[in-house]
Engineer: 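I have a structure I would like to understand better, so I am pasting it below and will then ask my questions one at a time.
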Amino acid sequence: MKNIIIKPILTEKMAEQGEKLNRYAFEVDKKANKIEIKNAIEKFYGVSVDAVNTMNFGGGKKKMKNTNRGVVYQKNKLVKKAIITVASGDVIDLYENI
């Protein structure tokens with residue numbers, strides 16, 4: 001099985017949603033679908049998942065940068081994020097391994 005979960009996204013906004021709405025954000029593999037993400041979260045953290053929402057970021061139009069060596073064109077990194085809603089009563093402790 002490929003590595004689906006890359007890393008958790010730890011921001012103030014997601015910490016607040018984790019406390020109030022039982023939602024957690026993860027950066028996931030670009031080719032993973034919602035069913036694979038749900039199964040990976042349930043297996044890794046031992047919680048029951050109610051909903052999975054996904055978003056794709058990055059790529060798009062090339063941006064131009066002027067550097068000492070000349071003009072450089074580059075795109076943003078492609079990232080897929082997943083917002084996981086767990087069942088009430090279940091908690092994912094993202095800070096236990098720090």
Side-chain angles (χ1 to χ4, degrees):
M1 188 169 110
K2 60 184 177 181
N3 191 11
I4 295 174
I5 303 168
I6 297 173
K7 64 180 181 179
I9 298 173
L10 303 173
T11 60
E12 291 181 22
K13 184 176 183 179
M14 289 314 303
E16 183 177 332
Q17 285 191 8
E19 293 173 2
K20 293 182 180 179
L21 303 173
N22 289 337
R23 289 186 180 165
Y24 303 94
F26 295 92
E27 184 177 328
V28 296
D29 184 32
K30 290 176 274 228
K31 296 180 181 178
N33 60 27
K34 292 183 179 186
I35 297 168
E36 293 173 342
I37 295 169
K38 177 182 176 181
N39 292 336
I41 294 290
E42 287 178 344
K43 182 178 178 183
F44 191 74
Y45 290 104
V47 295
S48 60
V49 175
D50 283 346
V52 177
N53 298 351
T54 59
M55 308 170 244
N56 289 310
F57 287 101
K61 186 178 175 184
K62 292 182 180 177
K63 295 187 176 134
M64 183 177 72
K65 289 174 61 175
N66 292 315
T67 63
N68 292 338
R69 296 185 179 189
V71 178
V72 176
Y73 294 95
Q74 56 185 188
K75 289 185 176 183
N76 290 339
K77 179 183 169 189
L78 293 172
V79 176
K80 186 170 188 177
K81 296 180 184 179
I83 306 294
I84 309 297
T85 305
V86 299
S88 61
D90 287 343
V91 176
I92 296 176
D93 188 12
L94 299 174
Y95 302 104
E96 67 186 21
N97 294 333
I98 295 178

Engineer: Would you say the side-chain atoms of Glu42 pair up with the backbone N or O of Val49, donor to acceptor, closer than 3.5 Å?
Structural biologist: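 Confirmed, Glu42 side chain pairs with Val49 backbone.
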Engineer: Decide yes or no for Ile41 and Val47: does some side-chain heavy atom of the first lie under 4.5 Å from some side-chain heavy atom of the second?
Structural biologist: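 With C-beta onward as the side chain, the pair touches.
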Engineer: Any side-chain heavy atom of Asn22 within less than 4.5 Å of one from Asp90?
Structural biologist: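 No, every pair of side-chain atoms sits at 4.5 Å or beyond.
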Engineer: Out of curiosity, Asn56 CG to Lys30 NZ, how far, rounded to the nearest 0.5 Å?
Structural biologist: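 Interatomic distance, Asn56 CG to Lys30 NZ, rounded to 0.5 Å: 10.0 Å.
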Engineer: Starting from Ile9, can I reach Phe57 by hopping between I/L/V/M/F/W/Y residues whose side chains sit under 4.5 Å apart?
Structural biologist: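 Different clusters: Phe57 never reaches Ile9 through Ile, Leu, Val, Met, Phe, Trp or Tyr contacts under 4.5 Å.
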Engineer: I need the Asn53 CG to Lys34 NZ distance, nearest 0.5 Å.
Structural biologist: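 Taking CG in Asn53 and NZ in Lys34, the distance rounds to 5.5 Å.
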Engineer: Could you check, using the six-membered ring where one of them is a Trp, whether Phe26 and Phe44 have ring centers closer than 6.0 angstrom?
Structural biologist: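 Not under 6.0 Å, so no.
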Engineer: Indicate, with yes or no, if Ile84 and Leu10 share a hydrophobic cluster defined by side-chain heavy-atom contacts under 4.5 Å among Ile, Leu, Val, Met, Phe, Trp and Tyr.
Structural biologist: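 Per the 4.5 Å side-chain linkage, Leu10 and Ile84 are co-clustered.
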Engineer: Check whether Leu94 and Val52 end up in the same hydrophobic cluster, where Ile, Leu, Val, Met, Phe, Trp and Tyr are linked by side-chain heavy atoms less than 4.5 Å apart.
Structural biologist: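 Yes, one cluster joins them.
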Engineer: Grab the two heavy atoms, one from Lys80 and one from Thr54, that are nearest each other, plus how far apart they are.
Structural biologist: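 In terms of heavy atoms, the two residues are closest at CE-CB, 3.9 Å.
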Engineer: What's the shortest heavy-atom distance between Lys62 and Tyr73, and which atoms?
Structural biologist: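 Of all heavy-atom pairs spanning Lys62 and Tyr73, the closest is CD-CB, 4.2 Å.
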Engineer: Met55 versus Ile83: any side-chain heavy-atom pair under 4.5 Å?
Structural biologist: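 Counting from C-beta outward, Met55 and Ile83 do come under 4.5 Å.
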Engineer: What pair of heavy atoms forms the shortest contact from Tyr24 to Met14, and how long is it?
Structural biologist: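 The pair with the smallest heavy-atom distance is C-CE, 3.8 Å.
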Engineer: How long is the straight-line distance from NZ of Lys75 back to CG of Leu78, given to the nearest 0.5 Å?
Structural biologist: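 It is 7.5 Å, given to the nearest 0.5 Å.
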Engineer: To the nearest 0.5 angstrom, please state how far the CG atom of Asp50 sits from the NZ atom of Lys38.
Structural biologist: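 Going from CG on Asp50 over to NZ on Lys38, the span is 8.0 Å.
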Engineer: Could you tell me whether the side chain of Ile37 reaches within less than 4.5 Å of the side chain of Ile4, counting heavy atoms only?
Structural biologist: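 The answer is yes, as the side chains (C-beta and beyond) meet within the 4.5 Å cut-off.
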Engineer: Kindly compute the distance separating CD (Glu27) from CD1 (Ile5), expressed to the nearest 0.5 Å.
Structural biologist: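 Answer for the CD-CD1 pair, Glu27 versus Ile5, is 12.0 Å.
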